[in-house]
Amino acid sequence: MNDADLADAAKKVLRDNDLGTFTKAAPELYPHQWSWDSAFIAMGLAHVDVRRAALELESLFDAQWQTGMVPHIVFDPDAPEDAYFPGAEWWETPTAVGAPDVPTSGLCQPPVHAVAAWHVWDEGRRQDGAWAEAFIGGLYPKLFAWHRYLATLRDPDGTGLVTIYHPWESGTDNSPRWDAALDAVTVDDIPHYERRDLTHVTDTSQRPTGDEYDRYIKLVVSLRALGYDDRRAATEHPFRIQDGLLSALFVAANEVLADIAETVGAPEEERAALRSWAARGRDGLARQWESRLGLTLDYDLVADRPVTVRTVAGFAPLIAGGVEPRVQSAQLELLDSTWFCGAEGLRWPLPPSTSPTDPAFQPRTYWRGPVWPFFNWIMWWSLRRAGEHTRAEQLRRDGIEQIRQEGFSEYFEPFTGQPLGSSNQSWTAAVLLDWLAFADPQR
Ligand code: 2M8
């Protein structure tokens, strides 16, 4: 398939998943709007229909909570009730203080939205400057409120590291990053529930286990009982981890949002706040740097210890950007070492979500080993920001080849390249479109 046909196929995936004001993350497995999926989808849609791309972000932010939190799922009220578990009724968010009047989950996901907004604005201003200005001016205050939420209620001590209450907030749900903390969560009193995800995959070993789901549900029940009150969750909730990857994306997004703030003429104190959150985040990540592994580690606040596993989340310094040269060199070396892209027998030198050298590695199971195209995009974008253009370009080409040869799957087995999880996953199509547009000599 040539690039033009591949782009057409990607557009078709997004068209088929389009529900008018938002794009469902996948045709059956994920029939609602997911927060960070929508951000990536907007970046891809920017190359297809920039106004539709803007709407993707605007519809998500219409569901923003009064605290500033952007919910991780905005439920489609027209989807069948049993389409996804846990559905809208499980969260009981309408009764929570500050929740919007549309059904959402009570969690959030990594803050990549400013990066997406910049992409949409950048594409839009080539087409219609006044429209682009109105778009970014309208979204900026909501983006700022979202960042302020993360910098304050999710980092009450100002450590620079953002606390998550649930593996779903990390977006890397069953990563071994969360194993020890989940083991410590007791599940003797959870209500009966029925999973839906297993009916949408061909092989259930590609999804999290029953034990993991029990704990996911226990954590939802706990937050629900706390009324999704961040101040209470910060001391009473049984799962509290400072997430290095999310914090790194927050550093990068704060820098992008500071540029947006400049563009829209935002007050100086907001620009200063964004810059200080970025700087504080870098300091926080530096404290979590584990030089022996060459990775940054998450910190479990409940157990009061760092989480020592080898996963792609450890590339947090590279993703945050602007780190000391010695840290950047160590990360680049590690990326191509046998721990990640240099592992023997990989179909493409793309980073497995968990290092094949980690005892928890499982090549077909979700976040425990498979390669994820949207994560490849994050690494590509980060390498370019770090000035590593040659390595970035190799990653972009390999990322495109993976999709060209194996399709728009959610994730891929690293050694065989076998497509896994959902097919026609929206963000896979979206990042492909952004990668192909990058190669367009007209741009
Ligand atoms: C996956 O997470 C959801 C829960 O949020 C699930 O497994 O049901 C993750 O890969 C997450 O990062 C992603 O946003 C979501 C939709 O693609 O699916």
Side-chain angles (χ1 to χ4, degrees), residues 13-14 17 19 22-44 56 60 69-76 79 82-88 90-91 93 104-113 116 164-175 177-178 182 193-201 204-210 212-217 219-220 223 239 243 245-246 249 311-313 353-354 365-378 408-412 420-431:
V13 169
L14 293 180
N17 291 341
L19 291 176
F22 72 89
T23 308
K24 50 184 170 172
E28 284 158 8
L29 186 57
Y30 308 119
H32 304 288
Q33 181 172 34
W34 259 261
S35 169
W36 73 332
D37 297 59
S38 260
F40 287 99
I41 291 164
M43 291 192 234
E56 189 73 28
L60 177 69
M69 186 182 82
V70 176
H72 106 289
I73 302 175
V74 185
F75 290 100
D76 173 15
D82 60 355
Y84 179 80
F85 174 82
W90 264 83
W91 298 89
T93 51
T104 74
S105 74
L107 303 172
C108 62
Q109 271 188 329
V112 286
H113 312 85
I164 59 165
Y165 305 142
H166 197 296
W168 285 339
E169 297 204 299
S170 73
T172 67
D173 310 0
N174 73 333
S175 169
R177 300 164 74 191
W178 319 127
L182 284 179
Y193 68 91
E194 248 173 71
R195 287 172 69 171
R196 301 282 166 201
D197 57 319
L198 299 180
T199 60
H200 300 303
V201 288
T204 55
S205 73
Q206 293 168 22
R207 293 284 306 172
T209 63
E212 282 159 347
Y213 254 80
D214 282 353
R215 284 159 178 80
Y216 298 159
I217 296 313
L219 295 178
V220 170
L223 288 167
F239 183 99
D243 179 334
L245 173 59
L246 190 150
L249 288 165
T311 76
V312 280
S353 44
T354 295
T365 307
Y366 207 38
W367 284 98
R368 302 180 87 85
V371 173
W372 288 69
F374 89 91
F375 196 83
N376 295 337
W377 187 97
I378 292 178
F408 296 98
S409 281
E410 190 181 3
Y411 43 96
F412 298 88
L420 302 168
S422 175
S423 41
N424 298 325
Q425 179 86 9
S426 296
W427 61 10
T428 305
V431 299

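Note that ligands are numbered from 1 as they come in the structure, with each ligand's atoms numbered from 1 the same way. Index from 1, following the sequence.
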Name of the residue among Trp178, Trp367, Tyr366 meeting side chain to side chain donor-acceptor pair (under 3.5 Å) with Asp173: Tyr366
Atom 13 (C) of ligand 1 [closest protein heavy-atom partner, distance rounded to 0.1 Å]: Asp37 OD1, 3.5 Å
Short side-chain to backbone donor-acceptor contact, Arg368 and Asn174, under 3.5 Å: yes
For Gly171, atoms of ligand 1 separated by under 4.0 Å from a heavy atom: 9 (C), 10 (O), 11 (C), 12 (O)
Plane angle bin for Trp168 and His72 - parallel if under 30°, tilted between 30 and 60°, otherwise perpendicular: parallel
Test item: Glu56 side-chain N/O and Thr23 main-chain N/O as donor-acceptor pair under 3.5 Å: yes
is_close_aromatic(Trp427, Tyr30), centroid dist under 6.0 Å: no
Pro373 and Phe412, any side-chain heavy atoms less than 4.5 Å apart: yes
Contact (N/O only, under 3.5 Å) between Gln109 and ligand 1: yes
Check: Ser170 main-chain N/O paired with Trp36 side-chain donor or acceptor under 3.5 Å: no
Check: His166 ring centroid to Tyr216 ring centroid under 6.0 Å: yes
Nearest candidate to atom 4 (C) of ligand 1, where distance is taken over non-hydrogen atoms, out of Trp367, Tyr84, Tyr411: Tyr84
Numbering as shown, the atoms of ligand 1 that approach Gln425 to under 4.0 Å (heavy-atom distance): 17 (O)
Within-cut-off N or O pair, Glu410 and ligand 1, under 3.5 Å: no
Any N or O of Trp427 closer than 3.5 Å to N or O of ligand 1: no
Residue portion contacting ligand 1 (non-hydrogen atoms closer than 4.0 Å) for Trp372: side chain
Under 4.0 Å to a heavy atom of Trp168 - the qualifying atoms of ligand 1, by number: 4 (C)
Residue and atom name of the nearest protein heavy atom (relative to atom 7 (O) of ligand 1), distance in Å to one decimal: Tyr366 OH, 2.4 Å
Heavy-atom gap Asp173 to ligand 1 smaller than 4.0 Å: yes
Sub-4.0 Å atoms of ligand 1 with respect to non-hydrogen atoms of Arg207: 6 (C), 7 (O), 8 (O)
